Amino acid sequence: MTDLKNDKLLRALLRQPVDYTPVWMMRQAGRYLPEYRATRARAGSFLDLCRNPELACEVTLQPLERFPLDAAILFSDILTIPDAMGLGLYFTEGEGPRFERPIRDASDVRRLAIPDMEDELGYVMDAVGLIRRELDGRVPLIGFSGSPWTLATYMVEGRSTKSFARAKAMAFDCPELMHELLAKLSEAVAAYLNAQVARGAQALMIFDTWGGVLTPRAFRELSLDYMIRILSRLTREEAGRRVPVILFTKGGGNWLSQMAGSGCDALGVDWTLDLGDARRLVQDRVALQGNLDPCVLYASPERIREEVARVIASYGPGSGHVFNLGHGINPDVDPDRAAAMVEAVHSLSRPFHDAEDRGGSPRHQA
């Protein structure tokens with residue numbers, strides 16, 4: 001493994017000085033890219049693409065060929081763990097993921113076994129190793145998993161949902177059973193992320209996509225406590241270098257201060273909270289990632305540049321910011337708009353980091 005040629009992402013996540021704000025995009029390898037659609041057509045299906053390490057590597061690298069991004073993120077799906085637990089993941093066109101055998105009762109939970117990371121999930125680990133090798137030190141590789149609560153919602157509901165009725169009913173009416181499920185998932189997620197680090201992932205992200213649907217007390221008990229448990233079990237250093245961990249709870253702006261004390265290195269922020277307010281909430285205890293509204297990328301390059309400038313200015317001068325969208329890039333976005341965003345971040349953010357060295361105030365550009 002070669003040394004990193006561009007380690008700005010890792011440095012920013014650890015709140016170390018950088019000369020510009022690094023940027024990557026959630027779902028940066030995806031349907032908005034014509035080359036991705038071509039590779040997926042060759043694979044035959046989304047799941048076949050995820051399970052083919054060579055093709056997963058190909059689509060992971062595709063956005064880096066188009067844009068000067070500062071990180072690659074493993075191409076996979078958050079539902080690989082429950083699939084490996086035997087729930088029978090499949091996708092229905094236009095309706096998203098479904099499970100053939102959703103969790104319905106205690107016997108279903110007790111049947112679940114922690115997957116062997118090099119067997120049932122070996123295709124993910126092979127993809128991580130191949131991507132790291134093909135990157136050749138160009139930028140860091142981010143590995144990821146869904147949070148236990150997010151995984152549990154899909155496993156109990158059996159599909160995507162807007163109400164989360166089954167999952168919340170289990171949490172309220174059978175709390176011991178829900179906690180048993182979450183405990184198993186936290187063990188599996190920790191093992192899954194550690195296996196990715198062993199194969200070459202240099203940073204990690206936990207996607208708590210549905211933590212924001214919970215009440216404050218339920219969020220702490222059903223989501224954050226289990227992410228803290230995972231963080232305590234993770235490999236945090238590999239090859240003499242810190243492995244930063246990002247937590248992202250969509251809709252979790254109210255709980256950023258609690259999350260900052262979890263032991264993570266960075267928090268993802270969606271677009272519903274001003275980044276400056278987020279920085280004040282966490283008091284620079286952790287780095288922040290975000291938080292451009294993904295729909296800004298439907299606008300003109302000039303408007304994109306203005307909105308990028310607002311996000312950078314809202315964070316303010318100094319280290320500890322990784323630019324990203326507030327959620328994944330939408331599949332019908334013009335790739336040229338993504339390119340405009342990346343260029344704007346790299347050019348507009350430099351004065352905010354120059355000021356850190358000079359001890360002065362940044363020049364605001366638009």
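Only a predicted model underlies this, so the values are computations on that prediction, with no experimental measurement involved. Side chains are part of it too, since the values below use all heavy atoms of this structure and drop only hydrogens, waters and symmetry mates.
- The cationic atom of Arg98 (NZ for Lys, CZ for Arg) does not lie both less than 6.0 Å from the six-membered ring centre of Phe91 and within 45° of the ring axis.
- With salt bridges taken as basic N to acidic carboxylate O contacts below 4.0 Å, none links Arg101 and Asp108.
- Using a 4.0 Å cut-off between charged nitrogen and carboxylate oxygen, Asp284 and Arg15 do not count as a salt-bridge pair.
- For the ring pair (Phe, Tyr, Trp, His ring centres under 6.0 Å) test, residues two or more places apart in sequence or in another chain that qualify with Trp255 are Phe219.
- Defined by atom type and a distance below 3.5 Å, a donor-acceptor pair is present between the side-chain atoms of Asp70 and Tyr20.
- For the residue pair Ser45 / Asp48, a side-chain donor-acceptor distance below 3.5 Å is found, with atom types taken as modelled.
- Checked for salt-bridge contact, Glu238 and Arg199 miss the test: no charged N lies under 4.0 Å from a carboxylate O.
- Not counting sequence neighbours, the partners of Phe75 by the ring pair (Phe, Tyr, Trp, His ring centres under 6.0 Å) test are Tyr36, Phe46.
- A donor-acceptor contact closer than 3.5 angstrom links the side chains of Ser147 and Thr150.
- Proximity of a side-chain donor or acceptor of Thr235 to a complementary backbone N or O of Glu237 within less than 3.5 Å is not detected.
- No hydrogens or angles considered: a donor-acceptor pair under 3.5 Å links the side chains of Arg285 and Ser257.
- Salt bridge status for Glu180 with Arg110: present, with a side-chain N to carboxylate O gap under 4.0 Å.
- Between Arg337 and Glu343 no salt bridge is recorded (no basic side-chain N to carboxylate O distance below 4.0 Å).
- Within the structure, side chain to side chain donor-acceptor pair (under 3.5 Å) pairs that include any residue of residues 210-224 comprise Tyr154-Trp210, Asp208-Ser223, Arg217-Glu221, Arg220-Asp225 (at least two apart or interchain).
- A salt bridge is absent between Arg31 and Asp332; no separation between the charged side-chain nitrogens and carboxylate oxygens falls under 4.0 Å.
- Under a 4.0 Å N-O distance rule, the pair Arg279/Asp274 does not qualify as a salt bridge.
- Annotation: Phe352 is not in aromatic contact with His321 [ring centroid separation under 6.0 Å not met].
- With respect to the salt-bridge test (charged N to carboxylate O, under 4.0 angstrom), the residues Glu35 and Arg66 qualify.
- Aromatic ring orientation, Phe207 versus Phe144: perpendicular (interplanar angle above 60°, classes split at 30° and 60°).
- For the residue pair His353 and Ser319, no side-chain donor N or O sits within less than 3.5 Å of a side-chain acceptor on the partner.
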